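Since the structure comes first, as structure tokens, the remarks are kept for the end.
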Amino acid sequence: MTNFKRTLVTSALPYANGPVHIGHLAGVYVPADIYVRYLRLKGEDVLFIGGSDEHGVPITLKARNEGVTPQDIVDKYHTIIKKSFKEFGISFDIYSRTSNKIHHETASGFFRTLYDKGEFIEKETEQYYDQEAGQFLADRYITGTCPHCNKDGAYGDQCESCGTSLNATDLINPKSTISGSVPTLKATKHWYLPLDKHEPFLRKWILEDHKEWKSNVYGQCKSWIDLGLQPRAVSRDLDWGVPIPVEGAEGKVLYVWFDAPIGYISATRELTPDWEKYWKDPETRLLHFIGKDNIVFHCIVFPSMLKAEGSYNLPDNVPANEFLNLEGDKISTSRNWAVWLHEYLQDFKDKQDVLRYVLTSNAPETKDNDFTWKDFQARNNNELVAIYGNFVNRTLVLTHKYYDGIVPAPESFNSFDNETLDAIKGIVDKCEDAIKNFKFREAVKEAMNLARLGNKYLADTEPWKLIKTDAERVKTIMYISLQITANLSLLMEPFLPFTSKKLREMINLTEPEWSLCGLKEILKPGHAINQPELMFQKIEDQEIEVQLDKLLQSKKDNEVSSVKAATPAKENISFEEFTKMDIRTGTIVEAEKVAKTKKLLRLKIDTGIDQRTVVSGIAEFFRPEEIIGRQVSILVNLAPRNLKGIESQGMILMAEDADGKLVFVSPAQKIANGSIVS
RNA sequence: GCCGAGGUAGCUCAGCUGGUUAGAGCGCAUGAUUCAUAAUCAUGAGGUCGGCGGUUCAAGCCCGCCUCUCGGUACCA
């Protein structure tokens with residue numbers, strides 16, 4: 001590995017359409033912060049970059065829904081996010097935002113450089129255009145009837161009721177949500193980044209030169225590369241974002257995935273005139289801390305952009321974490337299933353380190369993990385309070401009791417003393433090693449072992465007994481306990497910065513100096529310490545109940561809203577229109593899974609008229625053998641369609657609830673096949 | 001279906017290029033102890049290492065098949 005002189009750490013830019021929750025923290029910000037704090041303690045040259053990602057369609061939609069401007073939305077959430085990060089102790093050197101002028105300049109310039117170098121390809125496509133509003137419509141701004149499930153209110157990119165992804169041009173009766181008018185197709189030009197062109201490079205750079213990357217990261221990159229990379233549009237028709245700096249590109253902005261990572265660069269420029277040293281000097285190590293949803297962008301797309309530009313460093317590592325679940329369910333912003341940082345900070349005043357500790361010791365480093373409040377409570381009470389807090393407290397209390405808060409001079413060390421003192425350095429080394437390898441869970445556990453060492457030392461030497469019989473010996477014991485305490489204040493600093501600060505004040509140390517960490521003497525004999533106070537408080541059941549109730553309420557709210565979410569009735573149709581549909585009763589006589597699909601069953605239906613084949617997307621809900629013999633309703637005069645090489649002649653009628661669960665619409669009693677449903 | 005990641009003690013996880021009785025923390029049980037926020041310390045119980053088969057003197061680790069979870073991708077009339 002290259003010997004780097006400095007490090008640039010970026011953390012994924014949170015999307016400014018909502019606050020930050022524990023999933024973000026555990027996956028990205030806490031590990032990044034630990035790493036950065038560690039490097040700073042070592043006196044290394046490091047920058048820690050963060051900021052809000054403020055462009056993109058979801059923000060414009062949210063603004064529209066709330067009747068405010070996109071800028072209002074991002075201002076609101078940027079403020080909340082920035083404040084909560086600061087209060088939580090995520091030690092960014094800068095927390096910027098992509099709606100800044102400097103970012104627009106940077107992103108725009110970056111595009112222009114690639115454009116001038118001929119790194120893009122241009123394509124003209126037909127897209128929906130709203131004549132009244134005079135603008136092209138993003139997929140999300142078009143609604144219409146879903147061509148799959150025939151429900152109204154499907155969006156141009158996805159039908160919410162059947163979950164299918166769509167092309168806007170597939171919608172039946174498309175309608176602009178901006179003006180309500182019927183959009184027309186119009187040619188529009190866009191630029192694409194030809195990822196396929198960079199494939200040979202990526203293959204070598206990742207698959208051969210970066211085998212040390214985490215297995216989840218490496219594996220996913222390989223998967224993408226092997227699937228074949230496609231050119232990706234870098235521009236889109238929208239008025240919220242960074243305008244494309246090319247003539248004839250009015251009304252077009254950079255696609256948000258293109259401008260967001262450039263936000264790291266913009267923020268660095270904003271921070272220091274020396275920014276190029278951090279981005280372009282090969283002796284700088286670039287690290288991206290992200291969640292697994294971002295692997296492709298940071299390992300494939302952004303490096304391709306940087307490579308195409310030519311003068312930038314590529315990331316040396318991308319330590320991506322998996323996801324954190326909450327009480328067994330996926331965290332979801334829309335379902336309000338989350339622990340929001342700004343709410344945590346209110347509910348648990350001055351308990352930043354507790355959450356930092358829990359999220360670190362239970363971080364989803366190798367697979368998705370679960371956060372539970374019960375575990376949160378247990379880790380606080382049984383580990384922070386009982387092991388760490390308790391050791392420090394008993395040491396300091398005894399020191400005051402026996403020596404009025406003055407560090408005693410040791411007499412002579414016996415072999416157990418020496419063993420204990422030697423063990424400190426061993427623990428520190430292990431902890432450092434784990435941090436360097438992004439194994440923060442292991443690192444914090446190692447740090448706790450130092451407190452365990454202290455507790456054991458006290459239990460084995462029993463100074464409270466010896467003070468009556470061998471007072472001289474107690475000096476040595478307390479001296480050693482105090483050195484362990486001082487070491488803890490340093491070793492814990494990257495993980496529990498607030499607590500370390502508190503502890504340093506108690507033992508009267510000023511700034512943390514990592515060079516002291518692991519030493520056998522940090523506090524000199526004669527050094528005066530201050531009055532101790534408790535570093536951690538127990539968390540009672542009641543506080544946990546409050547949080548669980550909060551989540552329970554979210555669940556209830558969701559149930560209510562999903563009942564409300566019944567799709568409104570469609571427009572009236574005439575009886576004649578209805579009678580065009582020929583719906584019959586029929587019986588399933590054969591059923592089998594269509595090979596190589598997840599959802600499809602090939603059914604043979606006795607319709608009374610004939611026996612025909614129907615392909616139906618119900619395999620996730622029904623096993624073939626359990627539906628044979630079942631009576632169903634079937635639309636028999638639907639135009640046949642070829643699915644996976646099988647001609648499907650008709651459609652089985654199913655009822656579908658808000659969660660996507662399917663149920664047969666069958667006659668209530670057995671009736672002859674071919675009976676007309678009307 | 002295909003690709004990727006994972007399935008190891010009640011819970012959360014370690015286990016290097018295969019090598020003696022599979023480890024840690026928390027929880028649990030018992031004992032010791034009282035300086036300390038009934039905290040601590042010691043000891044112990046608890047595992048057919050997802051399942052089946054194979055390679056090997058030897059497999060949690062290698063190979064094949066199967067199964068479950070998560071993510072990506074194809075598919076849903």
Side-chain angles (χ1 to χ4, degrees), chain A residues 146-150 159 162-165 214-228 292-293 295-296 322-323 325 330 358 361-372 374-375 378-379 381-402 434 439 441-442 444-446 448-449 451-452 454-467 474 477-478 481 532-538 593-601 614-620 635 638-641 643-644 648 650-654 656 660 662:
Chain A
C146 173
H148 297 216
C149 66
N150 283 316
C159 170
C162 67
T164 313
S165 12
K214 288 175 64 170
S215 61
N216 57 338
V217 176
Y218 185 91
Q220 205 181 121
C221 290
K222 186 173 185 316
S223 175
W224 271 79
I225 292 172
D226 288 346
L227 265 159
K292 70 171 162 186
D293 52 326
I295 289 174
V296 173
E322 302 282 302
F323 286 151
N325 293 326
K330 263 179 224 178
V358 173
S361 13
N362 193 27
E365 284 176 2
T366 52
K367 62 175 183 190
D368 289 2
N369 254 344
D370 198 26
F371 176 95
T372 64
K374 198 170 154 270
D375 179 65
R379 285 191 188 274
N381 293 355
N382 305 334
E383 299 179 30
L384 291 178
V385 173
I387 297 172
Y388 182 25
N390 188 224
F391 167 68
V392 169
N393 189 241
R394 56 205 298 221
T395 299
L396 300 189
V397 165
L398 287 178
T399 303
H400 275 278
K401 202 164 176 177
Y402 300 153
K439 294 181 175 177
R441 213 169 39 197
E442 188 184 323
V444 78
K445 187 172 142 192
E446 216 40 73
M448 279 306 272
N449 278 342
R452 289 196 175 91
N455 277 320
K456 182 170 166 50
Y457 181 74
L458 281 180
D460 289 353
T461 53
E462 300 183 308
W464 49 90
K465 278 188 182 168
L466 285 179
I467 196 71
V474 174
I477 294 169
M478 292 320 298
S481 300
E533 47 187 282
L534 298 179
M535 297 197 298
F536 303 99
Q537 276 72 42
K538 283 206 152 198
K593 194 128 186 250
V594 178
K596 299 183 179 182
T597 66
K598 196 193 288 182
K599 298 186 178 176
L600 300 185
L601 290 187
V614 172
V615 177
S616 188
I618 59 174
E620 287 180 303
L635 179 60
L638 182 69
R641 182 177 163 115
L643 287 168
K644 283 277 162 188
S648 179
M651 167 175 160
I652 305 295
L653 268 49
M654 306 294 296
E656 183 183 9
L662 294 176

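Quantities reported herein were computed from a predicted structural model and do not represent experimental measurements. Every chain is numbered from 1 and lettered A, B, ... according to where its sequence line falls, protein lines coming before strand lines.
Across all strands shown, C41(B) forms a Watson-Crick or G-U wobble pair with G31(B), both key distances being under 3.5 Å. Pairing for A14(B) is absent, with no Watson-Crick or G-U wobble pair whose two atom distances lie under 3.5 Å. The pairing partner recorded for A9(B) is none, the criterion being a Watson-Crick or G-U wobble arrangement whose two distances lie under 3.5 angstrom. Shown here, A22(B) forms no base pair; nothing in the strands shown gives a Watson-Crick or G-U wobble contact with both key distances under 3.5 Å. The nucleotide A58(B) finds no pairing partner, because no Watson-Crick or G-U wobble arrangement with both distances shorter than 3.5 Å includes it. Base-pair partner of C65(B): G51(B) (Watson-Crick or G-U wobble, both distances under 3.5 Å). Pair assignment for U73(B): G1(B), on the basis of Watson-Crick or G-U wobble contacts that are both within less than 3.5 Å.
To the nearest 0.5 Å, the span separating OG on Ser616(A) from CE on Met654(A) amounts to 6.5 Å. Rounding to the nearest 0.5 Å gives a distance of 9.5 Å between CG of Leu384(A) and CZ of Arg379(A). Taking NZ of Lys330(A) as the start and CG of Asp370(A) as the end, the distance is 13.0 Å to the nearest 0.5 Å. Annotation: the span from Glu446(A) atom CD to Arg452(A) atom CZ amounts to 9.5 Å, rounded to 0.5 Å.
We find that CG of Asp460(A) is positioned 14 Å from P of U34(B), with the value rounded to whole Å. Separating the CG atom of Asp368(A) from the C1' atom of C70(B) is a distance of 5 Å, rounded to the nearest angstrom. As rounded to whole Å, 14 Å separates atom P of U12(B) from atom CD of Glu383(A). Remark: P of G25(B) and CZ of Arg441(A) are 16 Å apart, rounded to the nearest angstrom. The separation between Lys214(A) atom NZ and G6(B) atom P is 10 Å, rounded to whole Å. When the C1' atom of U69(B) is taken as reference, atom NZ of Lys330(A) falls 11 Å away, rounded to whole Å. Between Asp370(A) atom CG and C26(B) atom C1' there is a gap of 16 Å when expressed in whole angstrom units. In this structure, Glu446(A) atom CD and A24(B) atom P are separated by 14 Å, rounded to whole Å.
Atom name C1', nucleotides G23(B) and A9(B): the rounded distance is 10 Å, in whole Å. For G47(B) and G60(B), the C1' atoms lie 11 Å apart once the distance is rounded to whole Å. Look at the P atom in both U33(B) and U8(B): the space between them is 40 Å, to the nearest Å. Rounded to whole Å, the P atom of U30(B) lies 15 Å from the corresponding atom of A39(B). One P atom belongs to U17(B), the other to C28(B), and the distance between them is 36 Å to the nearest Å. U67(B) and C52(B) have their C1' atoms separated by 10 Å, with the value rounded to a whole Å. Taking atom C1' on both A22(B) and C35(B), the two are 38 Å apart, rounded to the nearest angstrom. Atom name P, nucleotides G50(B) and C75(B): the rounded distance is 35 Å, in whole Å.
Among the protein residues, Glu365(A) comes within range of no part of the nucleic acid, since none of its heavy atoms lies under 4.0 Å from any strand. In this structure, Leu600(A) reaches the sugar-phosphate backbone alone: every heavy-atom distance under 4.0 Å involves primed, P, OP1 or OP2 atoms, never a base. Here Lys374(A) lies out of heavy-atom contact (under 4.0 Å) with every strand. When heavy atoms are screened at a 4.0 angstrom cut-off, Thr395(A) is found touching no nucleic acid atom at all. Val615(A) comes within 4.0 angstrom of the backbone, heavy atoms only, and of no base.
Residue Thr366(A) places at least one side-chain N or O closer than 4.0 Å to OP1 or OP2 of A14(B).
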Give me, pair by pair, the N or O atoms of the protein and of nucleotides 36-40 of chain B that are less than 3.5 Å apart, along with how far apart they are.
unit_1, atom_1, unit_2, atom_2, d
A36(B), O3', Asn393(A), OD1, 3.4
A36(B), O2', Asn390(A), ND2, 2.7
A36(B), O2', Asn393(A), OD1, 3.4
A36(B), N1, Arg394(A), NH2, 3.4
A36(B), N3, Asn390(A), OD1, 3.2
A36(B), N3, Arg394(A), NE, 3.1
U37(B), N3, Phe536(A), O, 2.6
U37(B), O4, Phe536(A), N, 3.2
U37(B), O4, Phe536(A), O, 2.5
A39(B), OP1, Lys538(A), NZ, 2.8
A39(B), O2', Ala386(A), O, 2.9
A39(B), O2', Asn390(A), OD1, 2.8
U40(B), O2', Arg394(A), NH1, 3.1

Between protein and nucleic acid, restricted to nucleotides 1-4 of chain B and to nitrogen or oxygen atoms under 3.5 Å apart, what atom pairs and distances do you find?
unit_1, atom_1, unit_2, atom_2, d
C3(B), O2', Ser223(A), OG, 3.0
G4(B), O2', Gln220(A), N, 3.4

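Judged by distance alone, with hydrogens and angles left aside, the side-chain atoms of Lys439(A) form no donor-acceptor pair with the main-chain N or O of Glu365(A) at under 3.5 Å. When atom types are taken as modelled, the side chain of Ser481(A) and the backbone of Ile477(A) share a donor-acceptor pair closer than 3.5 angstrom.
Between Ala363(A) and Ile618(A), the one whose closest nucleotide on RNA chain B sits nearer the 5' end is Ala363(A). Closest-nucleotide positions on RNA chain B for Tyr402(A) and Lys445(A) were compared, and the one nearer the 5' end corresponds to Lys445(A).
In this structure, the nucleotide among A14(B), U33(B), C35(B) sitting nearest to the side chain of Lys465(A) is U33(B).
Screening residues 218-228 of chain A for salt bridge (charged side-chain N to carboxylate O under 4.0 Å, His left out) gives Arg203(A)-Asp226(A), Lys222(A)-Asp226(A) as the qualifying pairs, with residues at least two apart or on separate chains.
Considering only residues two or more places apart in sequence or on other chains, Phe371(A) meets the ring-ring contact (aromatic ring centres under 6.0 Å, His included) condition with Trp373(A). Residues satisfying the side-chain hydrogen bond (donor to acceptor under 3.5 Å, both in side chains) test with Gln220(A), not counting sequence neighbours, are none.
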Pairs of donor and acceptor atoms involving the side chains of residues 386-399 of chain A, under 3.5 Å and at least two apart or interchain, shall be tabulated with distances.
unit_1, atom_1, unit_2, atom_2, d
Arg394(A), NH1, Asn455(A), OD1, 2.8
Thr395(A), OG1, Phe391(A), O, 2.9
Thr399(A), OG1, Thr395(A), O, 2.7

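Taking all atoms of both residues into account, the shortest heavy-atom contact from Asn216(A) to Ile295(A) is O-CD1, 4.3 Å.
Annotation: side chain of Asp368(A) is in contact with side chain of Lys292(A) (closest heavy-atom distance under 4.5 Å).
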